[in-house]
Amino acid sequence: AKMQKYLLYNAVEPEELPTLKELTTTEICKVWSGMSRHIYKQLLQKRAVEIGVGTFAVLPAHANVEEGEVLPIERPMFILNKPLKMFYNLDSDEAKIPDETPVVHPDFEEIAASTHFRHEIVEQCVQETLLCFAGALRDNKEVEFSFR
């Protein structure tokens, strides 16, 4: 049911983002870099991380090397949730997370400990940012989300 809140019929109102209003841009970036490190650690342990609007996962792929040789590789991807894709009428490649890959949710306690924020702040900051993200999808705005 967590994902439901990102299916927006109306624009995101500022009062739906109380935590983001309180935090500085630097603080928001700190939270997300903590989130990013956490996701990276999970991916290294062959887990996928579901964050409400989609899932970060490492998928098997193929790289073409010289002379038609194909090299099996793994590539990290963000896979948008199907209901979200349908709701916002988005196109993207079909990607399937391998069955043997466990899917986990972010451990906000752990991220909070590493970033020195209260875990409620971390969780709300992440959820409100994703709400903004969904709002941008709804309004057909271009979104740039950069992860290291």
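Everything numeric in this text was worked out from a predicted model, so none of it was measured.
Taking each heavy atom of L43 and P76 in turn, the nearest pair found is CD1-CB, 4.3 Å. Shown here for L7 and P83, the closest heavy-atom pair between the two residues is CD2-O, 4.1 Å. Annotation for P72 and V70: closest pair CD-O, 3.9 Å, computed over non-hydrogen atoms. What you find for G52 and N81 is that their closest heavy atoms are O-ND2, 2.9 Å. Nearest approach of I73 to A63, heavy atoms of both residues: CD1-CB, 3.9 Å. Of all non-hydrogen atoms in L59 and A95, the two that sit nearest each other are CD1-CB, 3.6 Å.
Side chain of E110 to main chain of A112: no donor-acceptor pair is present (N/O by atom type, distance under 3.5 Å, no hydrogens or angles). Under a 3.5 Å cut-off, the side chain of E128 and the backbone N or O of L20 do form a donor-acceptor pair.
Within the 4.5 Å cutoff, no side-chain heavy atoms of Q42 are placed close to those of D107. Within the 4.5 Å cutoff, no side-chain heavy atoms of H38 are placed close to those of S114. In this structure, Y6 and R138 have side chains that are not in contact, with every pair of non-hydrogen atoms separated by 4.5 Å or more. In this structure the side chain of I121 reaches within 4.5 angstrom of the side chain of L23, judged on heavy atoms. Two residues are said to be in side-chain contact when any heavy atoms from C-beta on lie closer than 4.5 Å; M35 and I51 meet this criterion. Residues L137 and V53 form no side-chain contact, since every pair of their non-hydrogen atoms from C-beta on lies 4.5 Å or further apart. At a threshold of 4.5 Å between non-hydrogen side-chain atoms, the residues P106 and V126 do not count as touching. T115 has its side chain within reach of R37: a pair of non-hydrogen atoms, C-beta onward, lies under 4.5 Å apart.
With rounding to the nearest 0.5 angstrom, the NZ atom of K30 is 16.0 Å from the CD1 atom of I111. With rounding to the nearest 0.5 angstrom, the NE2 atom of H62 is 13.5 Å from the CD atom of E69. Put simply, CD on Q124 and CG on L131 are 12.0 Å apart, with the number rounded to the nearest 0.5 Å. The distance from the CD atom of E123 to the CZ atom of F117 is 15.0 Å, given to the nearest 0.5 Å. Here D91 contributes atom CG and L80 contributes atom CG; the two are 11.5 Å apart, rounded to the nearest 0.5 Å. Distance CG/L84 to CG/N89: 12.0 Å, rounded to 0.5 Å.
No path of Ile, Leu, Val, Met, Phe, Trp and Tyr side chains, each step under 4.5 Å between heavy atoms, connects M77 with L44, placing them in separate hydrophobic clusters. In the hydrophobic clustering of this structure, V58 does not group with I97; members are Ile, Leu, Val, Met, Phe, Trp, Tyr whose side-chain heavy atoms approach within less than 4.5 Å, directly or through other members. Following chains of ILVMFWY side-chain contacts shorter than 4.5 Å, one can reach F108 starting from V104, so the two form part of one hydrophobic cluster.
Heavy atoms of other residues, nucleotides or ligands lying less than 6.0 angstrom from CD of E120 number more than 12. Other residues, nucleotides and ligands contribute over 12 non-hydrogen atoms within 6.0 Å of the CG atom of D139.
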Check: Checking side-chain contact (heavy atoms from CB on, under 4.5 Å) for the pair E16/Q127: CA distance, chi angles, key distance, verdict?
Finding: CA-CA 10 Å; E16 294 178 74; Q127 287 178 0; over 6 Å; no
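Listed by first and then second residue, the ring pair (Phe, Tyr, Trp, His ring centres under 6.0 Å) pairs involving residues 73-95 are Y9-F87, F56-F78 (not counting sequence neighbours).
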